[in-house]
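What follows is a set of notes on a single structure, which appears directly below.
Given the structure is predicted, the values throughout are model-derived calculations rather than measurements. Just so we're on the same page: letters track the sequence lines, and every chain starts at 1.
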Amino acid sequence: MIKKVKDDGKSSFSKIIYNSEIVEIFTKVADLLDIKGDNEFRIRAYREAVRTIERLPWQIQNLIEEGRDLTKLPGIGKDLEIKIKEIVKTGGLKQLQRLKKQVPEGLTSLLELPALGPKRVHDLYLQLKIKNKQDLRNKLMQNEVSQLKGFGRKITAQLKKALEQDATKKERIKFKTIEQYLKPLTSWISQDKLVKKVFVAGSYRRKKETIGDIDILAISSDPNQVSRRFTRFPEIKDILSQGETKASVITNPSLQVDLRVVVPKSEGAALFYFTGSKAHNIKIRNIALDKGLKVNEYGVFKGGKRIAGQTEKEIYKLLGLDYIPPELREDKGEVEAALNNNLPHLVKLKDLKGDLQMHTKSSDGTSSFEQMAGRAKKLGREYIAITDHSSFIGITQGLDEKKIIKQVAKIKRFNEKISELHVFAGIEVDIKEDGSLDLPNKILKQLDLVVCAIHSKFNLSLEKQTQRLIKAMENPYCNIIAHPTGRIIQKREPYKLNLEKIFKMAVKNQVLLEINSQPSRLDLNDENIMQAKQVGVKFSLSSDAHSPEELFYLKYGVYQARRGWLEAKDVLNTYSLAAFTQFLKQKKKR
DNA sequence: GCCGTTTTCGGCCCGACTGTTTTCAGTCG
């Protein structure tokens with residue numbers, strides 16, 4: 001039943017259903033069908049739909065309300081559209097209820113355990129009536145599991161160990177943290193005289209904001225030896241598998257590392273395969289199949305004959321595609337774009353001429369603005385904006401009106417003396433709950449650049465939070481919205497916002513949306529960036545440095561921007577000083 | 001269950017490693 005909410009007319013549904021709830025239900029359906037032994041392609045269809053919904057930046061409920069055709073989304077057909085609508089309207093799915101009657105729900109938790117896939121879970125249920133982890137624990141103790149066909153000593157031992165540790169949760173790790181772990185690993189592998197080259201592939205090479213495990217590719221004429229020696233890396237806790245061409249280990253700190261070793265002539269094919277993403281690989285392999293070719297990690301094959309594989313470039317070329325940079329390999333349209341010579345020319349770190357958010361010891365930074373400017377100059381920047389906090393949030397010791405005027409004067413004097421780098425006098429001003437800014441316009445007017453941000457009241461309703469941000473953007477002095485969604489990776493969810501509206505209003509008011517480069521923010525994220533760009537949003541890419549050392553964080557923002565398909569022209573701080581100054585002036589005239 | 005400049009039916013990526021197998025199924029990435 002759909003209930004109209006009468007008072008504001010904004011929502012036609014009685015209850016908000018988030019995308020995550022649809023994802024949860026479809027995942028459960030897929031898992032249960034899997035255990036039941038249903039058609040594997042039907043199961044795959046549910047998982048594909050989950051993938052689509054997970055990365056959708058819009059709330060599906062809103063799309064339905066606006067009458068959008070969900071079957072336009074990849075992997076969503078007529079059937080799944082009907083099911084999504086059922087979930088959004090009723091909060092549940094009848095099909096799932098039926099399935100739960102056939103297969104106990106607790107069985108899906110068993111899939112988290114090592115060596116347990118749908119087939120073995122099904123056997124455990126059928127033969128021993130095991131319905132959940134507790135049942136499994138009991139039957140293992142009573143030595144009943146080892147009686148089953150297919151459950152030998154090793155598997156039962158593995159299961160006991162896993163249940164003891166309940167080591168089922170594997171948290172992803174932030175990109176910057178992974179960088180530190182890589183050095184000892186790659187240098188251990190490189191030390192091997194048999195190793196010619198080492199690549200870090202996987203999601204690390206695609207520059208994802210978090211990394212699940214480390215995938216390393218080594219090139220050697222003797223893969224077997226290299227794989228063996230790898231498992232003697234001193235910081236190894238556990239060896240998961242070790243064969244002639246690959247090995248998987250758990251290191252200290254707990255991190256899964258997969259090594260793959262191929263001979264030199266397969267370098268390109270293996271790098272392609274091991275970089276992923278899985279969805280991208282499948283798409284490419286399908287294109288190959290259409291052409292009567294086969295792609296695997298050893299090369300491209302026609303009949304039994306190997307016709308490419310030395311480099312990634314030759315593989316893409318052979319398939320009629322432009323070279324696709326790793327950051328784009330997510331099956332988000334990059335393959336189609338590569339077919340039509342339509343790939344973006346992705347922004348590069350060296351394109352960035354300025355850095356538009358940073359802090360000094362006038363608020364919560366560690367250094368003077370002169371020190372920040374000095375380091376920025378060394379990094380090749382031509383201009384920076386000093387954007388200390390306004391005084392609204394007490395903890396950061398923000399600037400009040402008097403201090404701001406003083407700092408502006410100081411920066412002006414600096415610019416008169418120093419010509420190699422221009423400093424814009426800016427502020428990171430707080431957006432208050434009602435959307436007004438923490439400083440009066442007569443003060444903001446005197447600044448070169450105004451960055452607005454939310455630092456409080458994160459839990460407002462979707463309507464209120466959206467309105468708050470829009471009101472801030474409508475202030476004629478607002479140039480940039482900093483970390484627009486407020487998420488902190490693995491710590492804080494984004495605020496509830498109607499991003500589509502925010503993007504449109506940003507365009508209308510000539511407000512830049514920030515890509516904040518702090519490794520735990522990276523806000524906007526890649527999906528948001530992609531969608532915002534389609535609406536016509538322009539961006540600022542900022543380090544948000546609180547010390548000179550953090551100025552290099554800009555590279556993380558660049559990775560995120562590239563994953564969001566941005567070109568230099570989309571990012572305003574790739575503009576020359578003159579052009580960027582012109583942009584600011586134009587806004588002030590409004 | 002999705003999808004389609006060959007198809008509205010008949011496809012749906014590909015291979016390595018493990019354990020328990022007497023030749024391969026299941027799991028994993």
Quick one: label [X] by what it contacts on the DNA or RNA (base, sugar-phosphate, nothing), any heavy atom closer than 4.0 Å.
{"X": "Gln242(A)", "result": "sugar-phosphate"}
{"X": "Lys294(A)", "result": "sugar-phosphate"}
{"X": "Asn39(A)", "result": "base"}
{"X": "Asn281(A)", "result": "nothing"}
{"X": "Ile43(A)", "result": "nothing"}
{"X": "Ile284(A)", "result": "nothing"}

Quick one: on DNA chain B, does Asp123(A) or Glu244(A) contact a more 5' nucleotide (nearest heavy atom)? Glu244(A)
Toward the 5' end of DNA chain B, by each residue's nearest nucleotide, Arg120(A) or Asp290(A): Asp290(A)
Which of these nucleotides, [options], is closest to any side-chain atom of [X]?
{"X": "Tyr273(A)", "options": "dC13(B), dG1(B), dG29(B)", "value": "dG29(B)"}
{"X": "Asn296(A)", "options": "dG29(B), dG1(B), dC14(B)", "value": "dC14(B)"}
{"X": "Gln95(A)", "options": "dG26(B), dC13(B), dG1(B)", "value": "dG1(B)"}
{"X": "Lys119(A)", "options": "dG26(B), dC13(B), dG29(B)", "value": "dG26(B)"}
{"X": "Arg285(A)", "options": "dC13(B), dT20(B), dG15(B)", "value": "dC13(B)"}

If I pick the C1' atom on dT23(B) and the same atom on dC12(B), what distance separates them, to the nearest angstrom? 27 Å
For dG19(B), does either OP1 or OP2 sit under 4.0 Å from a side-chain N or O belonging to Lys154(A)? yes
Tell me, with the steps shown, if Arg228(A) and Gln225(A) meet side chain to side chain donor-acceptor pair (under 3.5 Å). CA-CA 5 Å; Arg228(A) 290 171 100 91; Gln225(A) 284 303 317; 5.3 Å; no
Among Glu336(A), Glu48(A), Glu334(A), exactly one meets salt bridge (charged side-chain N to carboxylate O under 4.0 Å, His left out) together with Lys283(A). Which residue is that? Glu336(A)
Aromatic Trp188(A) / basic Arg229(A) pairing, under 6.0 angstrom, 45° off normal: yes
